[in-house]
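The block underneath contains the structure these notes are about, expressed in structure tokens.
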2 protein chains.
Amino acid sequence: MTKTVIHKPNYEEELRRAGIRITRPRRIIVGILTESEDHPDALEIFRRAVAIDSSISLSTVYRTMKLLEGIGAIHRHAFEGGPSRFEQAGGEHHDHLIDIDTGDVIEFKSDRIEQLQNEIARQLGYDIVHHRLELYGRKRS
Amino acid sequence: MTKTVIHKPNYEEELRRAGIRITRPRRIIVGILTESEDHPDALEIFRRAVAIDSSISLSTVYRTMKLLEGIGAIHRHAFEGGPSRFEQAGGEHHDHLIDIDTGDVIEFKSDRIEQLQNEIARQLGYDIVHHRLELYGRKRS
DNA sequence: CTTCATGCAAAATATTTGCACGAAG
DNA sequence: CTTCGTGCAAATATTTTGCATGAAG
């Protein structure tokens with residue numbers, strides 16, 4: 001098991017490659033995602049964006065999230081209860097441990113688990129397209 | 001890895017033990033959950049309930065789901081995109097493989113994975129309160 | 001009887017969409 | 001220029017809640 005390292009993708013490059021226009025709101029939003037080391041939801045991204053350009057709308061945040069998710073540039077997480085939270089893709093795949101008291105998210109990765117998942121899917125006659133592993137825990141005192 | 005076996009809990013007994021009144025809507029709703037071998041959402045449970053007693057309201061379904069979840073009698077799943085889906089608890093713990101083409105849910109269980117999860121959490125300084133493992137896959141052809 | 005559950009309608013939350021206008025290429 | 005993206009407001013989807021009434025124990 002290893003903790004993952006943050007890396008900064010070049011979203012503008014990715015967008016251009018996908019033939020998507022680079023506009024001011026999009027530039028600001030991807031900038032925010034690039035700088036974020038947490039897992040903000042749409043509203044939080046909107047707040048950070050508005051601090052830079054107050055004319056940005058929440059709709060555009062949602063639209064941009066969908067767009068980026070579509071080209072695989074970000075991942076959408078639906079942790080229990082709350083709204084979707086987003087995270088830049090492009091780093092190594094990892095799973096999440098969510099602190100149920102603080103909401104903090106810790107990333108981790110286990111090749112053993114991934115391997116077991118594949119075995120299980122195969123035994124059931126499936127190929128895994130993607131998966132979701134979330135541990136909800138409390139800090140040991 | 002093993003597939004889990006369905007078993008029928010006595011919800012009325014559980015409710016009584018928890019000091020919760022057994023009303024007509026509740027009896028109908030838990031009856032539906034007992035018979036269900038799928039993972040219906042609130043609206044689907046509502047539809048099945050209305051077929052038995054047309055006076056039942058969707059609010060009551062939601063309230064009952066929350067109640068049953070509170071006493072640990074059912075589990076709430078938030079599979080990607082859709083609304084919460086429910087399943088009777090009381091059987092053995094298991095995880096889910098979701099067929100991305102049909103929405104079918106297959107239950108499975110892996111002690112090895114559970115064990116690895118615990119190790120990981122411990123290494124990160126946490127105790128797992130619960131977890132969620134979902135494999136999204138496509139039938140191998 | 002007293003407490004609690006219900007149905008209904010309205011509210012709250014999260015997200016999507018139609019439309020007219022403005023900006024990107 | 002032409003296409004596409006934007007903000008805004010309204011719509012949608014899911015879930016929760018206030019309130020007056022009725023049922024459970």
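A, B, ... follow the sequence lines: proteins, then strands. Residue 1 opens every chain.
Atom-to-atom, CG of B/Leu68 to P of C/dA5 comes out at 12 Å; the value is rounded to the nearest Å. Atom pair B/Met65:CE and C/dA5:P shows a separation of 15 Å (rounding to whole Å applied). What separates CZ of B/Arg76 from P of D/dT15 is a distance of 7 Å, to the nearest Å. In this entry the distance linking CZ of B/Arg63 with C1' of C/dT6 reads 6 Å, nearest Å. The distance from atom CD1 of B/Ile45 to atom C1' of D/dT15 is 13 Å, rounded to the nearest whole Å. Summarising the geometry, the separation between CD1 on A/Ile56 and P on D/dG7 is reported as 6 Å, rounded to the nearest angstrom. Rounded to whole Å, the distance from CD on A/Glu44 to P on C/dT15 is 14 Å. With rounding to whole Å, B/Arg27 atom CZ is found 10 Å from D/dA24 atom C1'.
Although no hydrogens or angles enter the test, the distance criterion places a donor-acceptor pair under 3.5 Å between the side chain of B/Tyr136 and the main chain of B/Glu80. Without hydrogens or angle criteria, A/Arg85 side chain to A/His39 main chain gives a donor-acceptor distance under 3.5 Å. Judged by distance alone, with hydrogens and angles left aside, the side-chain atoms of B/Arg26 form a donor-acceptor pair with the main-chain N or O of B/Arg21 at under 3.5 Å.
When the nearest nucleotides of DNA chain C are assigned to B/Leu67 and A/Ser84 by heavy-atom distance, the more 5′-ward of the two goes with B/Leu67. The residue among B/Ser59 and B/Thr23 whose nearest nucleotide of DNA chain C is located toward the 5' end is B/Thr23. Looking at which nucleotide of DNA chain D each of B/Ile20 and B/Leu58 is closest to, the 5′-most match is held by B/Leu58.
An OP1 or OP2 oxygen of C/dT15 is reached within less than 4.0 angstrom by a side-chain nitrogen or oxygen of A/Tyr62. B/Arg26 has a side-chain polar atom (N or O) that falls below the 4.0 Å cut-off from OP1 or OP2 of C/dT6. Using a 4.0 Å cut-off, no side-chain N or O of B/Lys66 falls inside it from OP1 or OP2 of D/dT15. Applying the 4.0 Å criterion to OP1 and OP2 of D/dC8, one finds that A/Ser57 has every side-chain N and O outside that range.
Between A/Glu44 and A/Arg47 there is a salt bridge, since a side-chain N of the basic residue sits under 4.0 Å from a carboxylate O of the acidic one.
As judged by a 4.0 angstrom heavy-atom cut-off over every strand, B/Leu43 is placed among residues making no nucleic acid contact.
Follow the hydrophobic side-chain contacts under 4.5 Å out from B/Phe79 and you never reach B/Ile106; the two are in separate clusters.
For A/Thr60, whose side chain is taken as the heavy atoms from C-beta onward, the closest listed nucleotide among D/dT6, C/dT6, C/dA23 is D/dT6. Here D/dG25 is the nucleotide among D/dG7, D/dG25, D/dT14 with the atom lying nearest to any side-chain atom of B/Ile22.
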